[in-house]
Each structure stands twice: as C-alpha cells, then as structure tokens.
Amino acid sequence: MSIMFGKARTCNIVPEHEPAECNIVVLGAMGSGKSALTVKFLTKRFISEYDPNLEDTYSSEEMVDQQPVLVKVMDTADQDGPVNCERYLAWASAFLIVYSIDNRLSFEVCQQYVEAVTLYTKGLHPEAPIILVGNKVDMERYRQVNKTDGATLAARFGCLFFEVSACLDFVSVQNLFYEAVREVRREAERSLSLRPLYISEDKAPISLSSASLLSPCYKELPTPATAKLVTVKSSRAQSKRRAPTLTLLKGFKIF
Ligand SMILES: Nc1nc2c(ncn2[C@@H]2O[C@H](COP(=O)(O)OP(=O)(O)OP(=O)(O)O)[C@@H](O)[C@H]2O)c(=O)[nH]1
C-alpha cells in the first residue's frame with residue numbers, strides 16, 4: 001500500500017517502532033574539510049590525513065531533540081565539482097555543502113554544488129534541505145571568503161549557513177548534522193501540511209509517524225566505486241548513553 005504525496009514516488013512507509021533515518025550527503029571542493037567534519041561528528045576527533053579518493057558512507061544512532069534518528073553520512077570525494085551527482089541526489093535527505101574560508105576557489109565550487117542540488121530538489125516534496133558550511137574558521141588570518149559572502153549565497157538559495165572548524169570544538173560540528181536533521185523534520189511537516197493525502201478508497205488511512213515522514217523515499221543506497229556502508233563507533237563508546245559503533249575508519253589517520 002503506498003500513499004501518494006502528490007508525486008508518484010515509491011516510498012517505504014517506516015513502521016512506528018523503527019527509528020527514523022536521515023541521509024546526509026557531504027559535498028564540496030577537494031580539501032575543504034568534508035572528511036574532517038564527518039569524522040569529527042562521528043568520533044569527536046580531528047583527522048590529519050586520509051585517502052582523498054575514498055568515498056564512504058557511515059551510520060550513527062543519534063538522539064536529536066529527544067528523538068532517536070539513524071544518521072547516515074555519505075562523505076563524497078569528487079575530483080572537480082558536481083559530477084556524477086545521481087549517485088547521491090535521490091538518496092539524500094539533506095546536503096552539507098562545504099567550502100574552506102581560506103580558499104576562494106572552494107567557495108566557487110561550492111556555488112556550483114548549491115546550484116546543481118537546488119536544480120534537482122526544487123519542487124520535490126519533501127525538499128532536501130541544504131546547509132552551507134564555511135569550514136576552517138580557525139584559519140582566520142588566511143581568510144579569502146568573507147562571512148558575508150557565505151551568508152549572501154545562503155540567503156540567495158534559502159539555506160542555512162554556518163562557519164565552523166573541524167579542528168576546534170565538537171559541538172558546533174555536531175550542530176551542523178543536527179540542524180540538517182531538524183530541517184528534514186521541518187520540511188517533512190511542511191510538505192505534509194501542504195499536500196493532501198491521496199489514499200486509495202479500499203484501504204483504511206494509516207497514521208504517519210514522524211519516523212516515516214523523516215525516512216526519505218529513496219532507492220537502495222547507490223553503489224559508487226568505493227562507497228560502502230560501514231558502521232561507526234565514536235569515542236563516545238565510553239559515555240553512558242547508547243553510542244553508535246565505529247568498526248572501520250579506513251584510510252583515516254586519527255591522532
Ligand atoms: N586548519 C584546519 N584544517 C582543516 C580543517 N578541516 C580539514 N582540515 C585539513 O584540510 C585538509 C583536507 O581535509 P579533508 O577533510 O580531508 O578535506 P576533504 O574535503 O575531505 O578533501 P577530499 O577528500 O580531497 O575531497 C586536511 O589536511 C585536514 O587536516 C579545519 O577545520 N581547520
């Protein structure tokens with residue numbers, strides 16, 4: 001039984017008891033800090049080196065505003081700008097598009113990503129939100145991109161904007177991913193309120209929990225050349241609450 005939210009898409013309705021899922025794709029120019037931000041979020045640690053061609057997808061059980069959510073993060077590795085985007089566009093619930101404040105070219109590449117993603121998501125319901133991220137804010141003395149440039153780009157495309165540093169505090173990096181989850185929830189509610197439910201007459205209506213609203217209607221995880229689903233254990237393993245498990249950080253050197 002499928003419910004059509006105005007657009008013909010196959011959709012797996014998630015039963016109430018399963019945690020919602022949120023698929024976050026991290027995009028941006030090479031060297032902007034995508035992997036560092038991803039690893040910081042998953043392990044609270046800052047990496048120094050990694051295999052730049054490695055593209056991986058990680059999952060972590062999180063509690064965002066007292067609601068459990070399985071956050072899946074695809075750390076992409078494009079060589080030059082938005083190419084071969086279909087491997088993540090349909091899978092994504094949200095996008096983090098990253099540039100480095102000390103690299104003007106990375107900001108220009110970032111604009112290409114924002115335009116490419118917006119072209120795809122406009123008109124979809126729910127629309128996958130974009131969060132624009134100016135990384136390496138610790139490199140203030142080498143700044144090449146003003147904060148107002150980032151804010152102006154974000155305003156132009158109606159997306160959130162943050163400046164952070166993957167090598168400074170963890171909370172501001174965690175907040176990027178948590179804000180993405182919140183935006184997906186907001187967009188799901190907005191989308192539900194905007195569009196009537198079309199339910200075939202012979203079926204009783206079913207209640208849509210926020211979990212089912214949050215889990216995107218997407219095809220199986222794409223299988224790009226090197227991407228694979230691994231689970232991650234953060235250094236929070238020692239903390240009291242149920243911590244996600246990291247079994248593999250291939251190619252990352254953690255210090
Ligand atoms: N100072 C500083 N360096 C950073 C920060 N984030 C990442 N770096 C460094 O910048 C370089 C690139 O970081 P990555 O996370 O590998 O960048 P990336 O976007 O994943 O790069 P690709 O995998 O090539 O696409 C590495 O040497 C990192 O240590 C930051 O917030 N501040």
Side-chain angles (χ1 to χ4, degrees), residues 23-58 60 71-85 87-89 92 94-114 116-117 130-147 149-150 153 160-180 222 224-228 230 232 234-235 246 248-255:
N23 300 336
I24 300 175
V25 178
V26 187
L27 297 168
M30 288 181 75
S32 54
K34 300 182 296 296
S35 302
L37 288 168
T38 301
V39 172
K40 183 79 168 196
F41 168 62
L42 296 168
T43 70
K44 286 191 175 181
R45 295 184 192 167
F46 174 63
I47 55 167
S48 71
E49 57 196 69
Y50 65 96
D51 171 357
N53 302 309
L54 200 64
E55 179 167 292
D56 259 344
T57 299
Y58 306 93
S60 174
V71 177
K72 291 181 183 174
V73 182
M74 181 189 286
D75 172 18
T76 62
D78 284 334
Q79 295 304 320
D80 36 23
V83 290
N84 168 25
C85 305
R87 74 186 188 281
Y88 49 69
L89 284 175
F95 298 90
L96 295 186
I97 302 184
V98 185
Y99 66 91
S100 176
I101 68 152
D102 65 348
N103 182 320
R104 187 80 206 176
L105 179 62
S106 74
F107 180 65
E108 278 144 30
V109 172
C110 190
Q111 295 185 72
Q112 294 169 27
Y113 275 108
V114 174
V117 169
I130 294 172
I131 295 189
L132 186 62
V133 182
N135 188 36
K136 306 194 189 180
V137 77
D138 58 295
M139 302 291 274
E140 183 59 44
R141 59 191 178 288
Y142 303 108
R143 182 186 280 271
Q144 294 182 6
V145 185
N146 293 328
K147 188 167 187 174
D149 297 340
L153 177 62
L160 293 180
F161 169 58
F162 297 94
E163 284 196 338
V164 297
S165 168
C167 66
L168 296 181
D169 77 297
F170 163 73
V171 172
S172 55
V173 172
Q174 182 188 58
N175 186 55
L176 293 178
F177 293 85
Y178 279 21
E179 272 307 307
T226 57
K228 74 180 152 318
V230 293
V232 293
S234 78
S235 54
L246 165 70
L248 173 68
L249 264 189
K250 206 173 90 191
F252 292 127
K253 180 172 152 227
I254 298 183
F255 55 68

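Order of appearance sets the numbers: ligands from 1, and atoms from 1 within every ligand. Hydrogens, waters and symmetry mates are skipped; everything else that's a heavy atom, side chains included, is used. Keep in mind the model is a prediction, meaning the values are calculated, not measured.
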Is there a heavy atom in Cys167 that sits closer than 4.0 Å to ligand 1? yes
Please determine whether any non-hydrogen atom of Ala29 lies less than 4.0 Å from an atom of ligand 1. yes
List ligand 1 atoms under 4.0 Å from [X], heavy atoms only on the residue side.
{"X": "Asn135", "result": "5 (C), 6 (N), 31 (O)"}
{"X": "Ile47", "result": "29 (O)"}
{"X": "Ala36", "result": "6 (N), 7 (C), 15 (O)"}
{"X": "Asp138", "result": "1 (N), 2 (C), 30 (C), 31 (O), 32 (N)"}
{"X": "Met30", "result": "21 (O), 24 (O), 25 (O)"}

With [atom] as the reference point, say which of [options] has the nearest heavy atom.
{"atom": "atom 12 (C) of ligand 1", "options": "Gly31, Ala166, Ser35", "answer": "Gly31"}
{"atom": "atom 14 (P) of ligand 1", "options": "Ser100, Gly33, Gly28", "answer": "Gly33"}
{"atom": "atom 3 (N) of ligand 1", "options": "Lys136, Glu55, Met139", "answer": "Lys136"}

Is any side-chain heavy atom of Tyr99 closer than 4.5 Å to one of Leu132? yes
Check whether any side-chain N or O of Thr76 sits under 3.5 Å from a backbone N or O of Asp78 as a donor-acceptor pair, and report yes or no. no
Should the ring pair Tyr178 and Phe41 be called parallel, tilted or perpendicular, given that the plane angle runs from 0 to 90° and is split at 30 and 60? perpendicular
Considering residues at least two apart in sequence or located in another chain, which fulfil the ring-ring contact (aromatic ring centres under 6.0 Å, His included) criterion with Phe95? none
For Ser106, give me all partners under side-chain hydrogen bond (donor to acceptor under 3.5 Å, both in side chains), at least two apart in sequence or on another chain. none
I'd like to know if the side chain of Ser32 pairs up with that of Asn135 as donor and acceptor (distance under 3.5 Å, no hydrogens or angles considered). no
